[in-house]
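Residue numbering restarts at 1 for every chain, and letters A, B, ... go by the order of the sequence lines.
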Amino acid sequence: MERYNFKIIERKWQSYWIKNKSFKSLINKNQKKFYCLEMFPYPSGNIHMGHVRNYTIGDVLARYKKMQGFNVLHPMGWDSFGMPAENAARQNNLDPKNWTEKNISKMREQLKMLGLSIDWDREISTCSPSYYKHQQKLFLELYDKGLVYRKENYVNWDPVDKTVLANEQVIDGKGWRSGALVERKKLNQWFFNISKFSDQLLDGLEKLDSWPNKVKVMQKNWIGKSFGCEIPFTVEGNKEIKEIKCFTTRPDTLFGLSFLAVSIDHPISKFYEDDKEFINFKKLCSKSGTTEEALAQAEKIGFKTKLLAQNPLDNNLKVPVYFANFVLMDYGFGAVFGCPAHDQRDLDFALKYNLKIKTVVKPQEENENFEVTTQAYTGPGKLFNSNMLNGLNAPEEAILKTIELLENKKKGNKKINFRLKDWGVSRQRYWGCPIPMAYDKKGNVIKIPENQLPVLLPEKINLKTNGNPLDQQDNWKTVTIDGKIYKRETDTLDTFVDSSWYFLRFCSSDNENHGFDTEEVNYWMPVDQYIGGIEHAILHLLYSRFFMQSISFKNDNFNINEPFSGLFTQGMVCHETYKDQSNNWISPDEITTDDNKNYFKKDDPKEKIIVGPVESMSKSKRNVIEPEKMIEKYGADSIRLFILSDSPPEKDIQWSDQGMLASYKFVQKLWGLHCKIKSILDDDKNYSNSEAEEKITKFTHQLIQKITNNLEKFNYNVIVANLYEMYNFFNKILSVKMNKEVIKENFVHILKLISPLMPHLAAESLEQLKIENKNEWPEPIEKYLKDDNIVMIVQINGKKRMSINTKVDIIQDELITSIKNTEYYNKNYADKKIIKTIFVKNRLINLIVK
RNA sequence: GCCCUCGUGGUGAAAUUGGUAGACACAAAGGACUUAAAAUCCUUGCCGCUUGCGGAGUGCCAGUUCGAGUCUGGCCGAGGGCACCA
């Protein structure tokens, strides 16, 4: 048997596909399209196993859909702006552009080694002016629509990366990339008005049937819609402060009012700017706001003002007003009314400052002596101690009635609030898309005119300075518009902007005049299947959805509201972690094992290795397997097969050397099967064996059906198992001599089933068998899907007692007769009476006997 | 604290959606071939009695059903998301 030489064969087919532009896709309105997209990579240097998994899953789908006759768009590009380039450049005194381009060409070659069915003609790179010039135009378009604005705002300042972070980029009070504690800083920033579309973004989720529920729930929570009421509280104690507006979801508990609490950034704070005690209090708050400990403990502290707020439903009820650290300025109005009895947070505060606790909601079964002391009651019940509200059912009925009452008295309004905040997109960074804006001497904003776009990044600049490098480029900063001199905006756009519309660019990637061609976009969009990591569940996916909303806004030619009709989130690739005795991470390459499965350092066999938990592959933990090395050792088809086997694609997969080897061996075995069949076909003799021929045909068609179903459901790991079964079956039955044409016909089907997973081997085998490859997905033939004989399960009183091999579609009476003829039945149940029969056709029979 | 998801052999996992639990693979043990090793192939897989069969069995406890890994309720455990959101 000839050994499968993947090195030669894989290279041969890869260059064949490239040369023949086998995966080039052109708009064709007579053909159904399928847009298959995997999240594009950041060009960090080398592809990693996560990419292999992501792109293999996508490639299987793209190839399958193409074989099914779809016009498949399957492009690839580079998310190539961002801080790693800038950091690497800073550290090694390089140019970010060169660094990025080098990485791209390296990774492009590595991706090509995987044999992906990519239309490389559509390749894009977000750091290229030919991409970001369109992004600048888009920015101005959104600006004209009023969806972009500038405001001074507290920002999350990352002191290590020296940049502003979006709320989503702050994790546990730390920068998502640097891990540094985030500080509060006031800066002028550009914002996208994403919150304008809160409702659409929320409602749109309902229609995304092919999205994982998990992602939809996460986005829903992130948008955070809540229904309630705004109440302006009349305030006395300072002539200049007439009222303080609060938002509440529980207006029904208004008679439990005990205090008002406002944020330290609330507009009324300006009246306390000179108050030393208030200044100290503010300091205390900002301290506790940034330390991790305080975030966890979250002790509630307040600063009492001399103001008194009036209960709008009872003018005689007056309560103190506090500044409090737990009130956020950027939610609602930055002010809340405290009802300690029915809100745990308010209760904690009331207990600390000895404030009144008045219970106004009691559970249905309690009487009017019910009283809250240390545990707030937030459940349903009846209102009491509440004057005209007494007897109402809390929460729903009471809330609606109270709002009605307040509206009638003009003391409040129904209000819906969202947690979603506008997206701050300014970054004080060099390696990003320049914001196409400028300022005159007074600081007034002016757009860079379209004929002066793109605003190119200056090249060859010094990055070894603190702060924003662009701010120090005096030449670059100065711009002449209509003969007048302006200063450019020196901030660049958050890189999440780059990835919010790249899928549109792919539809017409070479269009120089427009970011996307409307006709092309209307044909290809939406993306039918988007595939990527769960880590983008909120940020990238929500921003992309916002972009579609904002492009559609006031635009009759574009009404794609959802970019991705299908979403699949694949799991991570994991590996065991290793440490040496001095607690240093050790790479799997540096380890050997002895007979007792103990691990040792390769270059110091005395040093025992401590095996740690299985974690997702990361450079920092050094538990990384390099895809390129694996491809060189085992070939692309083997690594594709392994990455699909073992675990369902949505779950994490654990890298295993044995598993990788097993996949490699299976590829070799398949080739062995090919060789065996080729030699049968090349033989002059032919045979006939109708039983075996029928068997092989039935098996094949049933397999077509199974694999097709499993492809539709992303059960790729099961497909691998199906193929193992196929090999076992074929290998066995081929020892029987039968008609050559039957073998050939069925094996061609098999090769087509294999080709989305192992495209090189399938292509080579088809060629060697001299099959004209029409690249069509096989259709199962109905008559072969049924077996003549079937195993019926016989249960007696609900327990499996035997199985009977019988003809298919046997009817109940016939089956019972043959059961009664069995030795087993006569031995054990001859004297029993059948009182009930449950018969499931072609599956089982359950006899209830007495 | 709130929300979501998941608990099946030594391991990764299958299970036509309520109908043979453990397909397929990894690992292990035993065997075959071999001078030997590698490779390859076969067998075994929890508890009983010798094969065959019987029994228990899908985190735990109940329920619905002729029949539950699958449905319902409660509990336990793991993972993930959000976190002073008023």
Side-chain angles (χ1 to χ4, degrees), chain A residues 171-173 212-222 224-226 228-229 246-251 253 261 263 289 294-300 324-328 330-339 342-346 348-349 378 417-421 534-535 537-538 597 642 645-648 650-654 656-663 665-666 668-669 672 702 705-706 709-710 715 717-728 731 791-803 824 835-849:
Chain A
I171 297 151
D172 293 331
N213 202 43
K214 183 169 37 169
V215 175
K216 288 194 276 188
V217 169
M218 279 162 76
Q219 292 209 356
K220 194 179 164 194
N221 292 341
W222 192 264
K225 182 177 186 171
S226 49
C229 181
C246 295
F247 172 73
T248 177
T249 53
R250 290 299 302 271
T253 62
S263 161
L295 273 167
Q297 286 177 356
E299 204 206 349
K300 285 156 197 61
N325 65 336
F326 64 85
V327 183
L328 308 169
D330 49 8
Y331 185 79
F333 301 104
V336 298
F337 84 73
C339 174
H342 306 292
D343 184 299
Q344 190 59 45
R345 192 194 42 204
D346 294 347
D348 294 344
F349 191 79
T378 56
N417 233 330
F418 292 94
R419 215 189 72 118
L420 182 66
K421 285 159 208 146
I534 186 75
E535 66 274 19
I538 298 170
K597 299 264 158 186
F642 171 70
S645 63
D646 275 12
S647 289
E650 69 275 13
K651 281 179 71 174
D652 287 354
I653 188 172
Q654 191 183 343
S656 125
D657 291 335
Q658 280 103 344
M660 182 62 243
L661 193 62
S663 296
K665 282 180 190 167
F666 184 65
Q668 292 295 343
K669 278 175 165 184
Q702 287 170 17
Q705 195 186 39
K706 272 192 212 169
N709 285 340
N710 285 327
N715 293 339
N717 56 323
V718 186
I719 295 176
V720 175
N722 294 150
L723 291 179
Y724 273 103
E725 278 176 302
M726 179 281 297
Y727 172 82
N728 294 340
N731 202 37
V791 176
M792 286 291 286
I793 301 306
V794 180
Q795 295 184 342
I796 291 173
N797 294 336
K799 293 237 175 228
K800 181 193 163 194
R801 287 294 114 137
M802 59 178 150
S803 52
Y824 176 86
I835 54 169
K836 191 175 178 184
T837 308
I838 293 100
F839 180 77
V840 184
K841 194 178 166 192
N842 289 337
R843 189 126 308 156
L844 62 71
I845 186 164
N846 188 3
L847 302 174
I848 310 302
V849 302

Contacts of type side-chain contact (heavy atoms from CB on, under 4.5 Å), residue [X], not counting sequence neighbours:
| X | result |
| --- | --- |
| A:T248 | A:C229, A:I231, A:R250, A:P251, A:F337 |
| A:K651 | A:P648 |
| A:K706 | A:N722, A:E725 |

[M] and [N], which share atom name [atom1], separated by this distance in whole Å:
| N | M | atom1 | answer |
| --- | --- | --- | --- |
| B:A83 | B:A28 | C1' | 47 Å |
| B:A14 | B:A32 | P | 36 Å |
| B:U58 | B:U8 | P | 11 Å |
| B:G69 | B:G55 | P | 16 Å |
| B:C42 | B:C33 | C1' | 11 Å |
| B:U43 | B:U70 | C1' | 33 Å |
| B:G63 | B:G31 | P | 49 Å |
| B:A56 | B:A62 | P | 15 Å |

Minimum-distance nucleotide (side-chain atoms of [X] versus [options]):
| X | options | result |
| --- | --- | --- |
| A:V327 | B:A86, B:C24, B:G19 | B:A86 |
| A:Q658 | B:A27, B:A23, B:A86 | B:A27 |
| A:L844 | B:C84, B:G19, B:A83 | B:G19 |

Quick check on [N]: is either OP1 or OP2 less than 4.0 Å from any side-chain nitrogen or oxygen of [X]?
| X | N | result |
| --- | --- | --- |
| A:R419 | B:A83 | yes |
| A:Y724 | B:A25 | no |
| A:N717 | B:C24 | no |

Taking atom [atom2] of [N] as reference, at what distance in whole Å does atom [atom1] of [X] sit?
| X | N | atom1 | atom2 | answer |
| --- | --- | --- | --- | --- |
| A:I719 | B:A14 | CD1 | P | 12 Å |
| A:K300 | B:A86 | NZ | P | 14 Å |
| A:N722 | B:A25 | CG | C1' | 13 Å |
| A:Q668 | B:A39 | CD | P | 14 Å |
| A:Q219 | B:G81 | CD | C1' | 12 Å |
| A:L661 | B:A39 | CG | P | 9 Å |
| A:K665 | B:C24 | NZ | P | 18 Å |
| A:N797 | B:G67 | CG | P | 10 Å |

Start at the 5' end of RNA chain B and walk down; is the nucleotide closest to A:F333 or to A:M218 reached first? A:M218
Which sits closer to the 5' end of RNA chain B, A:A335 or A:N846, going by the nucleotide each is nearest to? A:N846
Which residues pass the side-chain hydrogen bond (donor to acceptor under 3.5 Å, both in side chains) test with [X], sequence neighbours left out?
| X | value |
| --- | --- |
| A:N221 | none |
| A:K225 | A:D199 |
| A:D657 | A:W655 |

Below 3.5 Å is the cut-off: list the nitrogen or oxygen pairs between protein and nucleotides 2-12 of chain B, distance only.
unit_1 : atom_1 : unit_2 : atom_2 : d
B:G12  : O2'    : A:D646 : O      : 2.9
B:G12  : O2'    : A:S647 : OG     : 3.1

What does [X] touch in the nucleic acid at a heavy-atom separation under 4.0 angstrom: a base, only the sugar-phosphate, or nothing?
| X | value |
| --- | --- |
| A:S226 | sugar-phosphate |
| A:S656 | nothing |
| A:D348 | nothing |
| A:T249 | sugar-phosphate |
| A:V720 | nothing |

A:D343 versus A:T378: any side-chain heavy-atom pair under 4.5 Å?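 Side chain of A:D343 against side chain of A:T378, heavy atoms only: no contact under 4.5 Å found.
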Got A:L844 and A:Q795 here, is their nearest side-chain heavy-atom distance under 4.5 Å?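 Yes, side chains in contact.
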Reading nucleotides 44-50 of chain B 5' to 3', which nucleotides get B (base under 4.0 Å from a protein heavy atom), which S (sugar-phosphate only), which -? -------
Please evaluate residues A:F666 and A:L723 with respect to the criterion side-chain contact (heavy atoms from CB on, under 4.5 Å), reporting the C-alpha separation (whole Å), side-chain torsions for both, the decisive distance (0.1 Å), and the verdict. CA-CA 10 Å; A:F666 184 65; A:L723 291 179; 4.2 Å; yes
Glycosidic torsion of B:U8 (syn if within 90° of 0, anti otherwise) classifies it as anti
Regarding B:G9, purine or pyrimidine glycosidic angle vs 90° from 0 gives syn
A:K800: which residues meet the salt bridge (Lys or Arg N to Asp or Glu O under 4.0 Å) condition with it, sequence neighbours left out? none
Derivation and outcome, side-chain hydrogen bond (donor to acceptor under 3.5 Å, both in side chains), residues A:Q705 and A:N709: CA-CA 6 Å; A:Q705 195 186 39; A:N709 285 340; 5.2 Å; no
Ignoring hydrogens and geometry beyond distance, is the side chain of A:Q795 in donor-acceptor contact with the base of B:G19 at under 3.5 Å? yes
What about A:R843: does its side chain form a donor-acceptor pair under 3.5 Å with the base of B:U20?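 No pair found.
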If you look at every heavy atom in [X] and [Y], which pair is closest and at what distance?
| X | Y | answer |
| --- | --- | --- |
| A:S226 | A:Y331 | OG-OH, 2.9 Å |
| A:M218 | A:A537 | CE-CB, 3.6 Å |
| A:N717 | A:S647 | CB-O, 3.5 Å |
| A:S263 | A:L328 | CB-C, 4.1 Å |

Got a sec, which residues hit ring pair (Phe, Tyr, Trp, His ring centres under 6.0 Å) with A:F333, two or more places apart in sequence or on another chain? none
Between the protein and nucleotides 52-59 of chain B, list every N/O to N/O distance that falls short of 3.5 Å.
unit_1 : atom_1 : unit_2 : atom_2 : d
B:G54  : OP1    : A:Y824 : OH     : 3.4
B:G55  : OP1    : A:R801 : NH2    : 3.0

Knowing that exactly one of A:I835, A:T837, A:I796 qualifies, which makes a side chain to side chain contact (heavy atoms under 4.5 Å, CB included) with A:V849?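 The single option meeting the side chain to side chain contact (heavy atoms under 4.5 Å, CB included) with A:V849 is A:I796.
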Could you write out RNA chain B as a dot-bracket string, with dots for unpaired bases, | for bases paired across to another strand, and Watson-Crick or G-U pairs counted at under 3.5 Å? (((((((..(((......[....))).(((((.......))))).((((..))))...(((((..]....))))))))))))....
